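Every value quoted in this text rests on a predicted model; they were computed, and no experiment measured them. Residue numbers start from 1 in every chain, and the chains themselves are labelled A, B, ... in the order their sequence lines are given, proteins ahead of strands.
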Amino acid sequence: MGANTENKKTTLNSSSQYWLMKSEPDVFSIQDLKKNKTTLWEGVRNYQARNFMTKEMQVGDLVLFYHSNATPPGVAGLATVSKAAIPDPTQFDKKSEYFDPKATKEKPIWFCVEVKFVSEFPHFVSLEEIRKDAKLSEMMVIQKGSRLSIQPVKAKDFQHLQKLGQQS
DNA sequence: GCCAACGTTGGC
DNA sequence: GCCAACGTTGGC
């Protein structure tokens, strides 16, 4: 046998990934995204979520748009990552609730991707429905105490959930 | 409105 | 570096 030079990281980096992103519909809903076409995903102030945006998200990745703090909570539609991470402008804005006095333009702390509307599900997939579906039992969003606002989603889970959402 | 789970802060 | 106190998230 010749040299074994296979590097699994390379394949991982080049393949597109799937995400779940939470938004409170009272603040910004899938209908708002539909109207605006795109939005900067501002206000993420959690390092793990930030690192997903800066290190792993790629333009073209598909996103489950999740309504949190809603009645009921659940996945309302699909979006896609349309621009790679840039410094989150709200960290520099003293009037913003997301202002961070430790951040400077030279050394920004927080980043945001741009997200583009893809579709609103004809069938809203509620958290309860996700919980009851054995096929989706590994999804992070139903794990106890999982509060992360940006979560990776497995391809098989994404595809199954998309199928549920597209039923009319 | 309650509260469990989690993340961050800051004293030591 | 530990960990108690505090703040936030988000389902219910």
Donor-acceptor contacts under 3.5 Å from residues 140-149 of chain A side chains, at least two apart:
{"residue": "A/Gln143", "atom": "NE2", "partner": "A/Ser137", "partner atom": "O", "Å": "3.0"}
{"residue": "A/Gln143", "atom": "NE2", "partner": "A/Met139", "partner atom": "O", "Å": "2.8"}
{"residue": "A/Ser146", "atom": "OG", "partner": "A/Met140", "partner atom": "O", "Å": "3.1"}
{"residue": "A/Ser146", "atom": "OG", "partner": "A/Gln151", "partner atom": "NE2", "Å": "3.2"}

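B/dG7 atom C1' lies 16 Å from atom CD1 of A/Ile109, rounded to whole Å. Between the C1' atom of C/dG11 and the CD atom of A/Glu24 lies a distance of 12 Å, rounded to the nearest Å. Rounded to whole angstrom, the span from the CE atom of A/Met21 across to the P atom of C/dG10 amounts to 13 Å. Protein atom CG of A/Asp26 is 13 Å distant from nucleotide atom P of C/dG10, rounded to whole Å. In this structure, A/Arg50 atom CZ and B/dG7 atom P are separated by 15 Å, rounded to whole Å.
Contacts classified as ring-ring contact (aromatic ring centres under 6.0 Å, His included) and involving residues 99-144 of chain A (residues at least two apart or in different chains) are given here: A/Tyr47-A/Trp110. Among pairs with a residue in residues 92-115 of chain A, those fulfilling salt bridge (charged side-chain N to carboxylate O under 4.0 Å, His left out) read A/Lys83-A/Glu114, at least two apart in sequence or across chains. For residues 39-66 of chain A, every residue pair satisfying the salt bridge (charged side-chain N to carboxylate O under 4.0 Å, His left out) rule, not counting sequence neighbours, is listed here: A/Arg45-A/Asp88.
When only modelled atom types and interatomic distance are considered, A/Gln31 and A/Ser29 share a side-chain donor-acceptor pair under 3.5 Å. For the residue pair A/Gln17/A/Gln58, the side-chain donor-acceptor check at 3.5 Å is not satisfied.
Contacts between residues 125-153 of chain A and DNA chain C, defined by a heavy-atom separation below 4.0 Å, involve A/Leu127, A/Arg131, A/Arg147, listed by number. A heavy atom closer than 4.0 Å to some atom of DNA chain C occurs in A/Tyr66, A/Ser68, A/Asn69, A/Pro73, these being the qualifying members of residues 64-73 of chain A.
Between the A/His67 side chain and the A/Ile30 main chain, a donor and an acceptor come within less than 3.5 Å of each other. The backbone N or O of A/Pro122 lies less than 3.5 Å from no partner atom in the side chain of A/Ser168, so there is not a single donor-acceptor pair.
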